[in-house]
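Structure, as C-alpha cells:
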Amino acid sequence: MGGWAIAVHGGAGVDPNLPLERQEQAKLLLTRCLNLGIFALRSSLRAIDVVELVVRELESDPLFNSGRGSALTEKGTVEMEASIMDGAGRRCGAVSGVTTVKNPISLARLVMEKSPHSYLAFSGAEEFAKQQGVEMLDNDYFITEDNVCMLKLAKEADTIMFDYRIPTIGSESCSAVVDNPPLTMNGLPISIYAPETVGCVVVDFQGRCAAATSTGGLMNKMMGRIGDSPLIGAGTYACELCGVSCTGEGEAIIRGTLARDVAALMEYKELSLQEAEDYVIKKRLDEGKAGLIAVSSGEVACGFNSVGMFRGFATENGFMEVDVW
C-alpha cells in the first residue's frame, strides 16, 4: 500500500453509559480534526506539521482530556503533558507538568526544535515556554465545571478517577461510576476506567511518519505524577516504518513500552502494522487497559482492550471512519 494516512484518538475506555449526545459530540470533534488533517495532507504539509495541527485543535476543545478540559490534580489544578516525534531522524520533544501553556503539544515541538534536549518538565518547561513566546494563560482557563464536579466525586470516593466526560449536573449524572467492575493500577484499587487522552499519527505523501500525544492525566492524580503520554517509546513513537500514539492506563503502557514495541515488531519480526498492533495489545499490557492508533505507508491500524475508544481514520484512497465502540 502507499499514500498518506491519518488517525486520531480521543482516548480509550469509554463509559458504556456515556449519553448518546456526548458520543455524537465526540464524533463530530474527531471528524472535524480528521478533515483538518486531510486538508493539510492534500496541501502537502509534512507529517510532523499535521500531527501538531490536529492535536492543537483537540487541546483547544474542552471535550477531551487535554489542554482546556484537562483532568484535575488532587489540588484542583491542571498539570498537562505532551510529546511529539518525527519519524524522519527519530527527533522528539516532550513536556510534563505545564500549567499555563495553552497548547502543550506545540511546546513539545519547540523542545524538539529549539532546545538541546528532548524533555522538559514543570518550572523548567514553563520558563522555556516564556522564552519561546508561546501563548500562556492562567491555570483557571483549563479548568471546566464538569471536571470540578468529577474531582469532588473522586475525593468523596477517596480514589483516582479516569476522566470520562459524562456531563456532571449533579452527582446522579455520574452514577455509572460506581457500577463499573473494580480495577487496579500498580496493585492499588481505582474505581473508573475511561481516560480520554488525545493523539494523532500521520504518514504523509512522501512516506514520512509522525506521532503526537497530549493529556491532562488522571482525575485526582498526585501532584507531579507523569503518565505515558510524554514518554517516547511508551505513549508516543515514530520512525521510518510507522507512527504510534497510545491511550489508557499509563502505568501499564509505560511497563509495556507499547508504542516502541509496535515499531520493533515491524522492524525485527517483519510483522504488518495490524499484526504488530494486535500483538502488543494482547501480549504487552498484562492486566492493564489501553488502546493505540498507528499508521504506516498508506494504512491505518487501531486496537484496544477496553470497552471502547474514540477514534477516527482516513487514507488517501478515500477510506474514512469515525467510531467509539
Side-chain angles (χ1 to χ4, degrees), residues 8-11 29 33 51-85 92-112 115 117-130 132 134-144 146-148 150-151 154 160-165 195-200 211-232 234-236 245-248 250-251 253-254:
V8 297
H9 73 73
L29 174 56
C33 290
V51 295
E52 180 190 8
L53 179 70
V54 170
V55 171
R56 280 179 62 93
E57 186 75 9
L58 289 163
E59 288 175 337
S60 300
D61 192 296
L63 190 66
F64 290 132
N65 175 15
S66 66
R68 185 165 182 260
S70 286
L72 306 182
T73 69
E74 60 187 350
K75 301 293 186 182
T77 59
V78 165
E79 290 184 351
M80 300 167 288
E81 50 196 28
S83 64
I84 192 168
M85 190 164 187
C92 58
V95 294
S96 286
V98 294
T99 60
T100 61
V101 176
K102 183 179 181 182
N103 292 109
I105 197 64
S106 292
L107 182 60
R109 183 170 182 181
L110 287 169
V111 171
M112 177 179 75
S115 86
H117 307 302
S118 296
Y119 196 159
L120 294 176
F122 297 96
S123 60
E126 294 277 333
E127 183 60 32
F128 179 70
K130 293 176 184 176
Q132 294 300 312
V134 303
E135 186 172 4
M136 303 177 76
L137 300 161
D138 290 341
N139 199 247
D140 288 349
Y141 162 82
F142 304 95
I143 298 172
T144 64
D146 280 359
N147 283 340
V148 170
M150 290 297 295
L151 180 63
I160 293 170
M161 284 187 175
F162 289 91
D163 181 29
Y164 66 120
R165 284 299 182 281
E196 293 190 5
T197 294
V198 305
C200 179
T213 312
S214 181
T215 190
L218 306 177
M219 184 65 70
N220 200 29
K221 66 182 180 180
M222 294 176 63
M223 300 290 290
R225 182 263 184 182
I226 295 172
D228 67 288
S229 295
L231 300 184
I232 300 301
T236 305
S245 176
C246 300
T247 171
E251 281 66 14
I253 295 170
I254 292 168

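In this text, all values refer to a predicted model and were calculated from it rather than measured experimentally.
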Problem set entry | Atom of V101, atom of M80 and distance for their closest heavy-atom approach | O-CE, 3.5 Å
Exercise. Under 3.5 Å, side chain of K221 to main-chain N/O of G227, donor-acceptor pair present?
Worked result: no
For this session: With the side chain counted from C-beta on, respond yes when V198 and V8 share a heavy-atom pair under 4.5 Å apart, and no when they do not.
Result: no
Exercise. Within the side chain of N65, is there an N or O that forms a donor-acceptor pair under 3.5 Å with the backbone of G217?
Worked result: yes
Exercise. What's the spacing between S96 OG and E81 CD if we round to 0.5 Å?
Worked result: 4.5 Å
Exercise. Between OG1 of T100 and NZ of K130, what distance do you get to the nearest 0.5 Å?
Worked result: 7.0 Å
Exercise. What are the two closest heavy atoms between G76 and I143, and how far apart are they?
Worked result: O-CD1, 3.5 Å
Exercise. Rounded to the nearest 0.5 Å, how far apart are CD of E52 and OG of S106?
Worked result: 3.5 Å
For this session: For the residue pair Y119 and S83, confirm or rule out a side-chain donor-acceptor distance under 3.5 Å.
Result: no
Exercise. Which heavy atom in F64 sits nearest to a heavy atom in L58, and how many Å separate them?
Worked result: CD1-CD2, 4.0 Å
Problem set entry | Side-chain donor/acceptor of S66 to backbone N/O of T197, under 3.5 Å | no
Problem set entry | Test side chain to side chain contact (heavy atoms under 4.5 Å, CB included) applied to M219 and L72, step by step | CA-CA 5 Å; M219 184 65 70; L72 306 182; 4.0 Å; yes
Exercise. From T73 OG1 over to N220 CG, what is the distance, rounded to the nearest 0.5 angstrom?
Worked result: 8.0 Å
For this session: Please tell me if the side chains of E127 and L120 come closer than 4.5 Å, counting only heavy atoms from C-beta onward.
Result: no
Would you mind writing out the side-chain donor-acceptor pairs for residues 134-142 within the sub-3.5 Å range, not counting sequence neighbours?
{"from": "N139", "atom 1": "OD1", "to": "V78", "atom 2": "N", "distance (Å)": "3.1"}
{"from": "N139", "atom 1": "ND2", "to": "V78", "atom 2": "O", "distance (Å)": "3.2"}
{"from": "N139", "atom 1": "ND2", "to": "T99", "atom 2": "O", "distance (Å)": "2.7"}

Exercise. Is the shortest side-chain N to carboxylate O distance from R225 to E74 below 4.0 Å?
Worked result: no
Problem set entry | Smallest separation among heavy atoms of F128 and L107, with atom names | CD2-CD1, 3.7 Å
For this session: Starting at CG of L231, measure out to CD1 of I226 and round the result to the nearest 0.5 Å.
Result: 7.0 Å
Seminar exercise, completed: In I84, T213, V51, the residue satisfying side-chain contact (heavy atoms from CB on, under 4.5 Å) with I105 is I84
Exercise. Distance-only, no hydrogens or angles: does the N147 side chain make a donor-acceptor pair with backbone N or O of S70 under 3.5 Å?
Worked result: yes
Problem set entry | Note, D61 side chain near R68 side chain (heavy atom, < 4.5 Å) | no
Exercise. Is it true that a side-chain atom of K102 and a backbone atom of S60 form a donor plus acceptor pair closer than 3.5 Å?
Worked result: no
Exercise. Considering all heavy atoms of both residues, which atom of D228 and which atom of G248 are nearest to each other, and what is their separation?
Worked result: OD1-O, 4.5 Å
Exercise. To the nearest 0.5 Å, how far apart are CG in N103 and CZ in R56?
Worked result: 4.0 Å
For this session: For E59, check salt bridge (charged side-chain N to carboxylate O under 4.0 Å, His left out) against everything at least two apart and list the hits.
Result: none
Problem set entry | Closest heavy-atom pair and its distance - I253, A234 | CG2-O, 3.3 Å
